[in-house]
*Asks:* 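For reference, the structure I am asking about is given below.
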Amino acid sequence: MLDKTDRKILALMQQDCTLSLQALAEAVNLTTTPCWKRLKKLEDDGIIRARVALLDGEKLGLSLTAFMLVKTQQHSRDWYQAFVSVVQAMPEVMAFYRMAGEYDYLLRVQVADMKSYDAFYKRLVNGVPGLIDVTSSFAMEEIKYTTALPVAP
């Protein structure tokens with residue numbers, strides 16, 4: 001179970017994972033050794049999955065965000081594993097979910113433009129047999145985007 005100090009460490013790490021151990025320890029009122037042990041346990045327990053840099057898609061020329069809803073009549077284990085393998089290998093896919101409801105899967109795709117999206121779409125539908133409906137919606141404006149989970153104490 002996470003205590004208040006663990007949650008504060010997590011909140012601080014989500015804001016800036018480049019904080020030095022000394023700065024992190026001071027921010028949570030610990031010395032460096034117990035802070036390091038907590039951080040290591042959070043990593044070992046898989047609560048901290050990775051420490052990464054978040055990039056600006058616009059500045060990298062990846063300004064089109066598409067949300068794809070996919071329906072299939074295929075639900076066998078082999079089909080599922082093949083589909084997951086194909087989608088996971090596509091670097092344009094930023095998020096991939098199996099859904100409950102009308103559609104079976106949701107993908108968030110980040111590409112340069114509509115031409116790039118069309119090429120991605122063709123690779124997906126030609127790479128995976130059994131898709132019966134693929135519907136896409138395109139983001140006009142990003143109003144909120146965060147990777148930070150609400151872990152505040």
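Position 1 is the first residue of the sequence; numbering continues from there. When reading the values below, keep in mind they use all heavy atoms of this one structure, side chains included, and skip hydrogens, waters and symmetry mates. These numbers come from a predicted model, not from an experiment.
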*Asks:* Decide side-chain contact (heavy atoms from CB on, under 4.5 Å) for Y105 and V134; before the verdict, give the C-alpha distance in whole Å, the side-chain angles of both, and the deciding distance to 0.1 Å.
*Replies:* CA-CA 9 Å; Y105 299 94; V134 178; over 6 Å; no

*Asks:* Measure the shortest side-chain to side-chain distance between W79 and V84 over non-hydrogen atoms and say whether it is less than 4.5 angstrom.
*Replies:*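 The answer is no, as the side chains (C-beta and beyond) never meet within the 4.5 Å cut-off.
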
*Asks:* Looking at side-chain heavy atoms only, is the closest gap between L131 and D133 below 4.5 Å?
*Replies:* no

*Asks:* Report the C-alpha distance between Y97 and Y103 in whole Å, list the side-chain angles of each, state the deciding distance to 0.1 Å, and finish with yes or no for ring pair (Phe, Tyr, Trp, His ring centres under 6.0 Å).
*Replies:* CA-CA 11 Å; Y97 300 93; Y103 286 89; over 10 Å; no

*Asks:* With a 4.5 Å limit on heavy-atom distance, are the side chains of V52 and C17 in contact?
*Replies:* no

*Asks:* Quick check for you: to the nearest 0.5 Å, what is the distance between L42 atom CG and D6 atom CG?
*Replies:* 5.0 Å

*Asks:* According to a 4.5 Å side-chain heavy-atom criterion applied to Ile, Leu, Val, Met, Phe, Trp and Tyr, with indirect links allowed, do L19 and L149 form part of one hydrophobic cluster?
*Replies:* yes

*Asks:* Between D104 and R98, is there a salt bridge with N-O shorter than 4.0 Å?
*Replies:* no

*Asks:* Please tabulate, for side-chain N and O atoms in residues 60-75, each donor-acceptor pair with protein atoms closer than 3.5 Å (sequence neighbours left out).
*Replies:*
from, atom 1, to, atom 2, distance (Å)
S63, OG, A112, O, 3.3
T65, OG1, Q110, OE1, 2.8
T65, OG1, Q110, NE2, 3.1
K71, NZ, E102, OE2, 3.4
T72, OG1, Q74, N, 2.9
T72, OG1, G130, O, 2.7
H75, NE2, T72, O, 3.3

*Asks:* Rounded to the nearest 0.5 Å, what's the gap from CD on Q15 to CG on L10? Could you check?
*Replies:* 11.5 Å

*Asks:* Given side chains that start at C-beta, do those of E43 and R49 come closer than 4.5 Å, heavy atoms only?
*Replies:*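 With C-beta onward as the side chain, the pair stays apart.
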
*Asks:* For a quick test of reading the model, state the closest non-hydrogen atom pair linking C35 to L21 and the distance between them.
*Replies:* SG-CD1, 3.9 Å

*Asks:* Is the count of non-hydrogen atoms from other residues, nucleotides or ligands lying under 6.0 Å from F138 atom CZ greater than 12?
*Replies:* yes

*Asks:* So do V93 and R108 actually touch side chain to side chain, heavy atoms under 4.5 Å?
*Replies:* no

*Asks:* Evaluate the side-chain proximity of R77 to Y80: yes if any heavy-atom separation is below 4.5 Å, no if none is.
*Replies:* no

*Asks:* Hey, what do you get for CG (L39) to CD1 (I9), rounding to the nearest 0.5 Å?
*Replies:*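 Here the rounded value is 6.5 Å.
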
*Asks:* State plainly whether the residues D44 and K40 are in salt-bridge range, i.e. N to O under 4.0 Å.
*Replies:* yes

*Asks:* Starting from M99, can I reach I132 by hopping between I/L/V/M/F/W/Y residues whose side chains sit under 4.5 Å apart?
*Replies:* no

*Asks:* For I47 and L2, run side-chain contact (heavy atoms from CB on, under 4.5 Å): C-alpha distance rounded to whole Å, both residues' side-chain angles, the deciding distance at 0.1 Å, then the answer.
*Replies:* CA-CA 10 Å; I47 294 168; L2 299 176; 3.7 Å; yes

*Asks:* Under 3.5 Å, side chain of D56 to main-chain N/O of E58, donor-acceptor pair present?
*Replies:* yes

*Asks:* Using the side chain to side chain donor-acceptor pair (under 3.5 Å) rule, collect all pairs that involve residues 121-131, keeping only residues at least two apart or in two chains.
*Replies:*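 Side chain to side chain donor-acceptor pair (under 3.5 Å) check on residues 121-131 returns E92-R123, D118-K122.
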
*Asks:* Are D16 and T18 linked by a side-chain donor-acceptor pair shorter than 3.5 Å?
*Replies:*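 Note: D16 and T18 side chains meet the donor-acceptor criterion.
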
*Asks:* Using a 4.5 Å cut-off on heavy atoms from C-beta on, say whether the side chain of R38 contacts that of T5.
*Replies:*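 Yes, at least one pair of side-chain atoms sits under 4.5 Å.
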
*Asks:* Please determine whether residues V111 and M94 belong to a single hydrophobic cluster, defined as Ile, Leu, Val, Met, Phe, Trp and Tyr linked transitively by side-chain heavy-atom distances below 4.5 Å.
*Replies:*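 No; tracing contacts between hydrophobic side chains, which count when under 4.5 Å, never links both residues.
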
*Asks:* Only pairs under 3.5 Å count here: list side-chain donor-acceptor contacts from residues 24-31, not counting sequence neighbours, and write none if there are none.
*Replies:*
from, atom 1, to, atom 2, distance (Å)
E26, OE2, Q22, NE2, 2.7

*Asks:* Is there a side-chain contact between V151 and Q14, using heavy atoms and a 4.5 Å cut-off?
*Replies:*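 The answer is yes, as the side chains (C-beta and beyond) meet within the 4.5 Å cut-off.
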
